[in-house]
Amino acid sequence: VYAVLVPKIHLTIAEYQIDASIAKLADMQTRMQKTIDAKNTTADTATLISALTDLKNQLADATADSALAKQEIAKMIQTDTATSKIAATAARKHLTSARASLVAARGDILAFKGGLSSSTKANDAKAPASTSAGTTNK
């Protein structure tokens with residue numbers, strides 16, 4: 001029981017956490033795309049599009065690795081102990097790879113945030129000062 005069931009529980013919890021992170025990042029991806037769509041010029045969006053594209057690739061990799069880990073976890077109790085250990089090792093490998101993809105995705109979000117910040121500052125510098133301050137309509 002301890003050789004197979006406990007590792008399976010731990011791997012299942014790790015896989016669930018990765019799936020939850022993937023779902024949150026997929027939501028972030030949608031919000032990032034809306035931000036890009038709202039931008040006026042393509043010069044402002046070059047860095048943003050690059051970060052979003054890489055984020056999409058990292059999420060696809062993490063999703064694939066998570067699915068493979070789930071398959072390996074399912075094999076763990078259905079077979080003998082030796083085969084279960086091999087499946088656990090394969091599941092750990094896929095979960096590690098998925099985590100690495102999620103870390104890279106986080107970097108893409110930070111790059112997006114930095115690109116958004118710099119494009120916003122550039123647009124603020126270009127905007128003319130408001131001349132309507134202090135006037136009222138009668």
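Computed from heavy atoms alone, side chains included, the values below leave out hydrogens, waters and symmetry copies.
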Inset, instruction - Kindly work out whether a path of hydrophobic side-chain contacts (I/L/V/M/F/W/Y, heavy atoms less than 4.5 Å apart) joins Leu68 to Ile18. - result: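 No.
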
Legend entry - Cluster check Ile36, Leu59: I/L/V/M/F/W/Y, side chain < 4.5 angstrom: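 In one cluster with Ile36: Leu59, yes.
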
Inset, instruction - Search all heavy atoms of Thr47 against all heavy atoms of Ala111 and return the closest pair with its distance. - result: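 Heavy atoms of Thr47 and Ala111 come nearest at CG2-O, 4.3 Å.
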
Legend entry - Over all atoms of both residues, closest heavy-atom pair of Leu48 and Phe112: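 Taking Leu48 first and Phe112 second, the nearest heavy atoms are CD2-O, 3.3 Å.
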
Please report the interatomic distance [atom1]([X]) to [atom2]([Y]), rounded to the nearest 0.5 Å.
| X | Y | atom1 | atom2 | answer |
| --- | --- | --- | --- | --- |
| Gln29 | Ile22 | CD | CD1 | 11.5 Å |
| Gln58 | Leu55 | CD | CG | 8.0 Å |
| Thr45 | Asp37 | OG1 | CG | 9.5 Å |

When you compare the side chain of [Y] with that of [X], does any pair of heavy atoms fall below 4.5 Å?
| X | Y | value |
| --- | --- | --- |
| Glu15 | Ser66 | yes |
| Leu95 | Leu11 | yes |
| Pro7 | Lys85 | no |
| Thr96 | Arg99 | yes |
| Asp108 | Asn57 | no |

Legend entry - Verdict with supporting geometry, Met32 and Ile109, side-chain contact (heavy atoms from CB on, under 4.5 Å): CA-CA 9 Å; Met32 289 166 67; Ile109 291 172; 4.2 Å; yes

Legend entry - Residues Asp19 and Lys70 bridged, charged N to O under 4.0 Å: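 Looking at Lys70 together with Asp19, the answer is yes, because their closest N to O distance falls below 4.0 Å.
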
Inset, instruction - Return yes if some donor-acceptor pair links the side-chain N/O of Thr12 with the main-chain N/O of Lys8 below 3.5 Å, else return no. - result: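 Yes: the side chain of Thr12 pairs with the backbone of Lys8.
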
Inset, instruction - Return yes if some donor-acceptor pair links the side-chain N/O of Thr53 with the main-chain N/O of Ile49 below 3.5 Å, else return no. - result: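 Yes, because the side chain of Thr53 sits within donor-acceptor range (under 3.5 Å) of the backbone of Ile49.
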
Inset, instruction - List the steps, then state whether side-chain contact (heavy atoms from CB on, under 4.5 Å) holds for Leu116 with Thr35. - result: CA-CA 9 Å; Leu116 187 62; Thr35 301; 3.7 Å; yes

Legend entry - Verdict with reasoning, Arg106 to Leu102, per side-chain contact (heavy atoms from CB on, under 4.5 Å): CA-CA 6 Å; Arg106 181 180 182 273; Leu102 293 176; over 6 Å; no

Inset, instruction - Starting from the C-alpha separation in whole Å, work towards a yes-or-no answer on side-chain hydrogen bond (donor to acceptor under 3.5 Å, both in side chains) for Asp27 and Thr30. - result: CA-CA 5 Å; Asp27 180 53; Thr30 303; 5.3 Å; no

